[in-house]
Asks: 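Below are the structure tokens for one structure; questions will follow.
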Amino acid sequence: MPVFVAASVSGGLAFLSHFSSTADNTCQNVNLPSSTSLNFPCSFSHGCSTKPPLFLSAPKVSLSSNNSTTKTDDGVDQSLLTDDDKQSRRSADWKAARAYHTKGLVYDGKVEGFNGGGLLIKFYSLVGFLPFPQLSPSHSCKEPQKSIQEIARALIGSYISMKVIQADEENRKLIFSEKEASWHKYSPQLSVGNIFEARVGSVEDYGAFIHLRFPDGLHHITGLVHVSEVSWDLVQDVRDVLSEGDEVRVKIVNIDREKSRITLSIKQLEEDPLLETLDKVIPQDISSDPDALNASNHFTIEPLPGLDSIIEGLLKEDGINSVKISRQGFEKRVVSQDLQLWLSNAPPTGDQYTLLARAGRQVQEIQLTTSLDQEGIKRAVQRVLERVP
């Protein structure tokens with residue numbers, strides 16, 4: 001990211017009063033030495049402070065030798081001010097920036113321009129920086145055909161809501177985030193279990209970032225679908241399943257409000273096939289594929305690796321009378337190479353329950369004769385799994 005030295009616009013003699021800690025979104029003005037009272041716009045609201053993200057580099061706020069801009073964003077004519085007045089104004093504005101940061105206030109900032117890394121935002125007599133990754137996804141999702149530079153150019157002169165995520169006067173770094181302001185506004189509408197229409201953003205090795213579409217038709221918040229939550233199939237590369245711009249449906253499975261993060265799932269909108277009976281796990285036409293399902297009446301089925309130890313353990317549990325592999329089959333897809341053991345949701349027949357074991361494409365159906373109920377069976381299986389190395 002190129003380092004840009006942004007110009008600060010010198011302003012008039014003014015001092016910010018203390019920021020109110022109440023939620024009425026008002027600020028107070030103090031009497032100034034000048035005969036003219038200078039009022040700062042009260043365009044902020046309460047929110048939660050957030051930890052600034054890391055950036056490779058950021059523009060620095062610095063003094064400007066260019067006198068072509070004569071007014072600050074609140075209308076103060078800088079040409080009438082002395083150097084001491086300008087320095088006092090800048091100090092007051094840095095103090096305001098720190099207050100916005102520590103209190104988590106939302107600021108409506110004007111876009112002055114852009115460079116290769118982000119937008120230039122006027123903050124009273126200062127000019128700060130909003131990196132492109134900190135823009136709300138609503139812009140790119142609304143006009144996906146446009147490049148980020150075209151989107152930035154169209155935003156010049158407009159006002160957008162943002163939060164201050166870094167206010168470092170010593171190093172002259174003033175960084176903003178529109179994403180954090182969007183989180184403050186829209187995250188209260190989110191709950192675990194909500195289902196959203198969404199659009200795929202960037203796709204990484206570990207998962208895909210998904211932009212959630214809200215009732216207003218815009219995509220305001222981004223969450224992550226981990227590679228393990230993309231599909232019940234075994235996904236080696238997320239890019240084989242998802243591409244940027246794809247429209248998908250997702251379910252919210254976790255919300256970390258402190259870190260402003262959402263965990264999403266695509267596969268949880270589909271039922272895990274292993275929770276069904278073996279016939280539903282393998283819906284193949286057995287007449288065309290006689291090896292799809294094999295009954296143990298005709299030959300002995302070799303247990304899946306590790307399953308024999310589990311069967312031995314189950315037979316030692318009180319209330320379990322017999323354990324037998326009754327059938328096996330082969331799925332068309334691989335869900336996991338690890339051995340998985342589940343209690344089928346098929347209703348029991350008398351005192352006989354069904355377990356399903358799966359590893360790779362192979363699935364085995366296990367008939368369990370027991371006097372235990374479903375909860376008792378689950379506890380017995382858990383005890384055995386804890387003992388088996």
Asks: Heavy-atom distance under 4.5 Å between the side chains of Leu385 and Ile310, does that happen here?
Replies: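 SC-SC contact between Leu385 and Ile310 confirmed.
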Asks: With a 4.5 Å cut-off on side-chain heavy-atom distances among I, L, V, M, F, W and Y, is there a chain of contacts connecting Leu218 to Val248?
Replies: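 Different clusters.
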Asks: List for me each residue that meets side-chain contact (heavy atoms from CB on, under 4.5 Å) alongside Asn194, sequence neighbours excluded, and say none if there are none.
Replies: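 Result, side-chain contact (heavy atoms from CB on, under 4.5 Å) vs Asn194: Ser191, Phe196, Ile252.
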Asks: Is it possible for you to say whether Leu368 and Ile301 belong to one hydrophobic cluster, with membership spreading through side-chain heavy-atom contacts below 4.5 Å?
Replies: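 Yes, Leu368 connects to Ile301 through the hydrophobic network.
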Asks: For His211, give me all partners under ring-ring contact (aromatic ring centres under 6.0 Å, His included), at least two apart in sequence or on another chain.
Replies: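 So His211 forms no ring-ring contact (aromatic ring centres under 6.0 Å, His included) with any residue.
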Asks: Please identify each residue that fulfils salt bridge (Lys or Arg N to Asp or Glu O under 4.0 Å) with Arg257, with sequence neighbours left out.
Replies: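 Salt bridge (Lys or Arg N to Asp or Glu O under 4.0 Å) list for Arg257, sorted by chain: empty.
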Asks: Sequence neighbours excluded, which residues qualify as side-chain contact (heavy atoms from CB on, under 4.5 Å) partners of Glu302?
Replies: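 Checked Glu302 against side-chain contact (heavy atoms from CB on, under 4.5 Å); zero matches.
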Asks: Going by the rule salt bridge (Lys or Arg N to Asp or Glu O under 4.0 Å), which residues pair with Lys146 if we only count those two or more places apart in sequence or in a different chain?
Replies: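 If we apply the salt bridge (Lys or Arg N to Asp or Glu O under 4.0 Å) test to Lys146, skipping adjacent residues, the hits are Glu143.
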Asks: Which pairs pass salt bridge (Lys or Arg N to Asp or Glu O under 4.0 Å) with one or both residues in residues 218-232, sequence neighbours excluded?
Replies: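 Listed by first then second residue: nothing to list.
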Asks: Quick one: pull up CZ in Phe123 and CE in Met162 and give me the separation to the nearest 0.5 Å.
Replies: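 Here the interatomic distance stands at 10.5 Å.
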Asks: Measure from the side-chain N and O atoms of Lys173 to the backbone N and O of Gly128, and report whether any donor-acceptor pair falls under 3.5 Å.
Replies: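 Side chain of Lys173 to backbone of Gly128: no pair is present.
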Asks: List the steps and the verdict of side chain to side chain contact (heavy atoms under 4.5 Å, CB included) for Leu264 and Ile262.
Replies: CA-CA 6 Å; Leu264 305 169; Ile262 304 175; 3.5 Å; yes
Asks: Show which side-chain atoms of residues 347-356 pair as donor or acceptor with protein atoms under 3.5 Å away, not counting sequence neighbours.
Replies:
none

Asks: Supply the atom-to-atom distance His219 NE2 to Lys142 NZ, rounded to the nearest 0.5 angstrom.
Replies: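 Output value for this atom pair is 12.5 Å.
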Asks: Side-chain contact, heavy-atom cut-off 4.5 Å: Ser243 with Val200?
Replies: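 They are not in side-chain contact.
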Asks: To the nearest 0.5 Å, what is the distance between CG on Leu242 and OG on Ser202?
Replies: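 OG of Ser202 is found 11.5 Å from CG of Leu242.
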Asks: Could you give me the CA-CA distance, side-chain angles and deciding distance for Lys324 and Ile366, then say whether side chain to side chain contact (heavy atoms under 4.5 Å, CB included) is met?
Replies: CA-CA 5 Å; Lys324 178 185 178 183; Ile366 304 164; over 6 Å; no
Asks: Look at Lys163 together with Glu180 and state whether they make a salt bridge at an N to O cut-off of under 4.0 Å.
Replies: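 Salt bridge between Lys163 and Glu180, a charged N being under 4.0 Å from a carboxylate O: no.
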Asks: Applying a strict under-4.5 Å side-chain criterion to I, L, V, M, F, W and Y, I'd like to know whether Val192 and Phe214 cluster together.
Replies: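 Yes.
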Asks: Could you see if Phe132 belongs to whatever hydrophobic cluster contains Val111? Use Ile, Leu, Val, Met, Phe, Trp, Tyr and a side-chain cutoff under 4.5 Å.
Replies: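 Yes, same cluster.
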Asks: For Gln382 and Arg379, test the side chains for any donor-to-acceptor distance below 3.5 angstrom and give the result as yes or no.
Replies: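 There is no such pair between these side chains.
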Asks: Side chains of Ser125 and Asp93: any donor to acceptor distance under 3.5 Å?
Replies: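 Asp93 vs Ser125: donor-acceptor pair found between side chains.
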Asks: Before giving the answer on side chain to side chain contact (heavy atoms under 4.5 Å, CB included), spell out for Phe129 and Ile121 the whole-Å C-alpha distance, their side-chain angles and the decisive distance to 0.1 Å.
Replies: CA-CA 6 Å; Phe129 184 64; Ile121 306 297; over 6 Å; no
Asks: Measuring from atom NE2 of His139 to atom CD1 of Ile148, what distance do you get when rounded to the nearest 0.5 angstrom?
Replies: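 Between atom NE2 of His139 and atom CD1 of Ile148 there are 8.5 Å.
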Asks: Between Gln134 and Glu178, do the side chains contain a donor N or O and an acceptor N or O under 3.5 Å apart?
Replies: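 No, no side-chain donor-acceptor contact under 3.5 Å.
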Asks: Could you check if a side-chain atom of Glu270 sits within less than 4.5 angstrom of a side-chain atom of Gln268, using non-hydrogen atoms only?
Replies: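 No - every pair of side-chain heavy atoms lies 4.5 Å or more apart.
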Asks: Where do Ile320 and Ala380 come nearest, in terms of heavy atoms and distance?
Replies: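 Heavy atoms of Ile320 and Ala380 come nearest at CD1-CB, 4.2 Å.
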Asks: Go through it in stages, so that I can follow the logic: the residues are His220 and Asp216, the test is side chain to side chain contact (heavy atoms under 4.5 Å, CB included), and I'd like the CA-CA distance, side-chain angles, deciding distance and then a yes or no.
Replies: CA-CA 10 Å; His220 295 291; Asp216 62 1; 2.7 Å; yes
Asks: For Lys378, give me all partners under side-chain contact (heavy atoms from CB on, under 4.5 Å), at least two apart in sequence or on another chain.
Replies: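 Lys378 satisfies side-chain contact (heavy atoms from CB on, under 4.5 Å) with Leu343, Glu375 only.
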Asks: Within a strict 4.5 Å, meaning less than it, do heavy atoms of the Ile175 and Pro131 side chains meet?
Replies: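 Yes. Closest side-chain heavy atoms under 4.5 Å.
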Asks: Please tell me if the side chains of Gln364 and Leu307 come closer than 4.5 Å, counting only heavy atoms from C-beta onward.
Replies: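 Yes; the side chains approach each other to less than 4.5 Å.
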Asks: Mind listing the closest non-hydrogen atom pair of Ile151 and Ser140 along with its distance?
Replies: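 The pair with the smallest heavy-atom distance is CD1-CA, 3.8 Å.
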Asks: Output the distance between atom CG (Leu212) and atom CG (Leu190), rounded to the nearest 0.5 Å.
Replies: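 That separation rounds to 6.5 Å.
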Asks: Between Glu169 and Arg90, is there a salt bridge with N-O shorter than 4.0 Å?
Replies: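 Judged by the 4.0 Å cut-off on N to carboxylate O distance, Arg90 and Glu169 do not form a salt bridge.
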Asks: Hey, could you give me each pair passing salt bridge (Lys or Arg N to Asp or Glu O under 4.0 Å) that has a residue in residues 191-201? Not counting sequence neighbours.
Replies: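 Residue pairs with at least one partner in residues 191-201: Glu197-Arg249, Arg199-Glu247.
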Asks: Side chains of Thr222 and Ile210: does their closest heavy-atom pair fall under 4.5 Å?
Replies: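 Sidechains of Ile210 and Thr222: no contact.
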Asks: Report the residues that fulfil ring-ring contact (aromatic ring centres under 6.0 Å, His included) with Tyr206, sequence neighbours left out, ordered by chain and then residue number.
Replies: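 For Tyr206 there are no ring-ring contact (aromatic ring centres under 6.0 Å, His included) partners, ignoring immediate neighbours.
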Asks: Can you measure from CG (Asp240) to OG (Ser231) and round to the nearest 0.5 angstrom?
Replies: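 The CG atom of Asp240 sits 11.5 Å away from the OG atom of Ser231.
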Asks: Closest approach of Ala359 and Leu304, non-hydrogen atoms and distance?
Replies: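 Shortest heavy-atom contact: N-CD1, 4.0 Å.
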Asks: Check this for me: Glu170, atom CD, are more than 12 non-hydrogen atoms of other residues, nucleotides or ligands nearer than 6.0 Å?
Replies: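 Count not over threshold, so no.
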Asks: Among Phe176, Trp94, Tyr124, Tyr107, find the one that has a ring-ring contact (aromatic ring centres under 6.0 Å, His included) with Tyr100.
Replies: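 Per the ring-ring contact (aromatic ring centres under 6.0 Å, His included) rule, the option paired with Tyr100 is Tyr107, out of Phe176, Trp94, Tyr124, Tyr107.
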Asks: If you group Ile, Leu, Val, Met, Phe, Trp and Tyr by side-chain heavy-atom gaps below 4.5 Å, do Ile255 and Leu224 land in one group?
Replies: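 In one cluster: no.
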Asks: Of all the heavy-atom pairs spanning Ala152 and Leu119, show the shortest one and how long it is.
Replies: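 That closest heavy-atom pairing would be CB-CD2, 3.6 Å.
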Asks: Under the salt bridge (Lys or Arg N to Asp or Glu O under 4.0 Å) test, which residues partner Arg239, sequence neighbours left out?
Replies: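 Scan of Arg239 (salt bridge (Lys or Arg N to Asp or Glu O under 4.0 Å), adjacent residues dropped) gives Asp205, Asp237.
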Asks: Could you report the tightest heavy-atom contact between Tyr159 and Asp108, atom names first, then the distance?
Replies: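 Looking at all heavy atoms of both residues, the shortest contact is CD2-O, 3.8 Å.
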Asks: Just jot down the salt bridge (Lys or Arg N to Asp or Glu O under 4.0 Å) partners of Arg261, sequence neighbours excluded, or say none.
Replies: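 Checked Arg261 against salt bridge (Lys or Arg N to Asp or Glu O under 4.0 Å); zero matches.
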Asks: Please give me the minimum heavy-atom distance between Ser187 and Ile221, naming the atom from each residue.
Replies: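 Nearest pair, atom of Ser187 first, then Ile221: N-CD1, 3.6 Å.
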Asks: Glu365 and Gln328: side chain to side chain donor-acceptor pair (under 3.5 Å), yes or no, with the steps?
Replies: CA-CA 6 Å; Glu365 184 179 74; Gln328 73 171 352; over 6 Å; no
